[in-house]
Amino acid sequence: LATVIALTANACKSLDIFEAAGSGRTDDIKAMLAAGTDVNSRDYKGRTPLIGAASRQMPESIHMLLQADADVNAKDEKGETALMKAARQCDTSSFASPTDDGMRVMSMLLDAKAYVNAKNKNGETALMKAAEFDKKPCALLLLKAGADINIKNNAGETALMLAEAK
């Protein structure tokens, strides 16, 4: 019984870091990491706190998690990385600037050596996510970082094909 209680307590502690990372509560993240929460812990879908923070465009959380050695190339159960989530959700103004949260998040992940051409289980890359969801400034940032425009997903589509389908 003591083992079950300890495992449950650790799971609850780890789940808290996902909410804190996804809502930008950096004081809570710092406290949880100091208390021993694993920066690369996984939720029930295999997501890390960094993946959650990237999907919700939380640059302060991302900065703190990266400083704590979060795995920038970790994949969830669908094979998606933080960079892929950030590209899909990339939030920019009409005249995107480096200070927009979406651009900051993408730049931080790329600076931390996120693999720009990583593929998920469907063969999709971050560039394909940006193209599919019409995130032009973020797609340009990925291209500048070396994203390969010729990669095809499992359906044989490139990022350009996905962008044209919009």
Side-chain angles (χ1 to χ4, degrees), residues 10-122 124-145 147 159 162-163 166:
N10 282 336
C12 290
K13 183 167 54 170
S14 292
L15 288 177
D16 289 346
I17 196 167
F18 297 101
E19 183 178 327
S23 59
R25 295 192 335 253
T26 55
D27 289 342
D28 290 344
I29 295 169
K30 185 176 183 178
M32 285 180 237
L33 293 173
T37 300
D38 182 2
V39 71
N40 292 308
S41 56
R42 305 285 181 141
D43 70 6
Y44 68 100
K45 291 187 176 183
R47 296 174 296 212
T48 64
L50 184 64
I51 290 172
S55 68
R56 292 196 176 132
Q57 305 289 288
M58 294 291 165
E60 291 79 17
S61 295
I62 290 169
H63 176 74
M64 183 166 285
L65 294 166
L66 289 172
Q67 289 212 304
D69 293 325
D71 181 356
V72 73
N73 291 305
K75 293 184 174 189
D76 66 13
E77 68 181 14
K78 294 179 181 178
E80 302 232 334
T81 64
L83 187 62
M84 290 176 196
K85 298 287 190 181
R88 181 176 191 263
Q89 300 297 333
C90 192
D91 184 26
T92 62
S93 62
S94 298
F95 301 99
S97 75
T99 58
D100 287 337
D101 282 350
M103 298 297 280
R104 285 178 58 206
V105 166
M106 298 285 291
S107 293
M108 292 168 74
L109 295 170
L110 291 166
D111 289 346
K113 307 294 184 225
Y115 182 49
V116 73
N117 291 313
K119 291 181 169 188
N120 65 17
K121 290 183 178 179
N122 294 324
E124 299 163 325
T125 64
L127 180 60
M128 289 177 186
K129 296 286 186 185
E132 180 180 3
F133 292 94
D134 200 26
K135 307 295 184 175
K136 292 174 189 159
C138 295
L140 289 173
L141 184 62
L142 290 166
L143 289 168
K144 287 179 186 174
L162 292 169
K166 285 314 263 174

Check your understanding: What residues form a salt bridge (charged side-chain N to carboxylate O under 4.0 Å, His left out) with Lys135, not counting sequence neighbours?
Key ->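 Salt bridge (charged side-chain N to carboxylate O under 4.0 Å, His left out) list for Lys135, sorted by chain: empty.
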**Study point:** Those residues that, when tested against Arg25, pass salt bridge (charged side-chain N to carboxylate O under 4.0 Å, His left out) (two or more places apart)
**Key:**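 By the salt bridge (charged side-chain N to carboxylate O under 4.0 Å, His left out) rule, Arg25 matches Glu19, Asp28.
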Taking only distance into account, with no hydrogens and no angle test, what donor-acceptor pairs under 3.5 Å do side-chain atoms of residues 52-60 form with protein atoms, sequence neighbours excluded?
residue, atom, partner, partner atom, Å
Ser55, OG, Ile51, O, 3.4
Ser55, OG, Gly52, O, 3.0
Gln57, OE1, Asp91, N, 3.3
Gln57, OE1, Gly102, N, 3.4
Gln57, NE2, Ala54, O, 3.0

Exercise for review: Keeping to residues at least two apart or across chains, list the salt bridge (Lys or Arg N to Asp or Glu O under 4.0 Å) pairs with something in residues 62-71.
Suggested key: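 Qualifying pairs: none.
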Exercise for review: With sequence neighbours left out, write down each residue that passes side chain to side chain donor-acceptor pair (under 3.5 Å) with Thr26, or none if nothing qualifies.
Suggested key: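 Thr26: no side chain to side chain donor-acceptor pair (under 3.5 Å) contacts found.
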Check your understanding: Considering residues at least two apart in sequence or located in another chain, which fulfil the side chain to side chain donor-acceptor pair (under 3.5 Å) criterion with Asn122?
Key ->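 Side chain to side chain donor-acceptor pair (under 3.5 Å) list for Asn122, sorted by chain: empty.
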Supply the atom-to-atom distance [X] [atom1] to [Y] [atom2], rounded to the nearest 0.5 angstrom.
X: Glu124; Y: Lys119; atom1: CD; atom2: NZ; answer: 10.5 Å
X: Cys138; Y: Gln89; atom1: SG; atom2: CD; answer: 10.5 Å
X: Lys136; Y: Cys90; atom1: NZ; atom2: SG; answer: 13.0 Å
X: Asp111; Y: Leu66; atom1: CG; atom2: CG; answer: 9.5 Å

Applying side-chain contact (heavy atoms from CB on, under 4.5 Å), can you list everything that pairs with [X], at least two apart in sequence or on another chain?
X: Ala70; value: Val39, Asn40, Leu50, Leu65
X: Lys121; value: none
X: Lys78; value: Asp76, Glu80
X: Ala163; value: Ala131

Review point. Taking the six-membered ring of Tyr44 as reference, does the NZ or CZ atom of Arg42 fall below 6.0 Å from its centre and within a 45° cone about the axis?
Key: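 Cation-pi check for Arg42 and Tyr44: fails.
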Exercise for review: Output yes when Asp101 and Arg104 qualify as a salt bridge under the 4.0 Å nitrogen-oxygen rule, no when they do not.
Suggested key: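 Here Asp101 pairs with Arg104 in a salt bridge, since their nearest N and O are under 4.0 Å apart.
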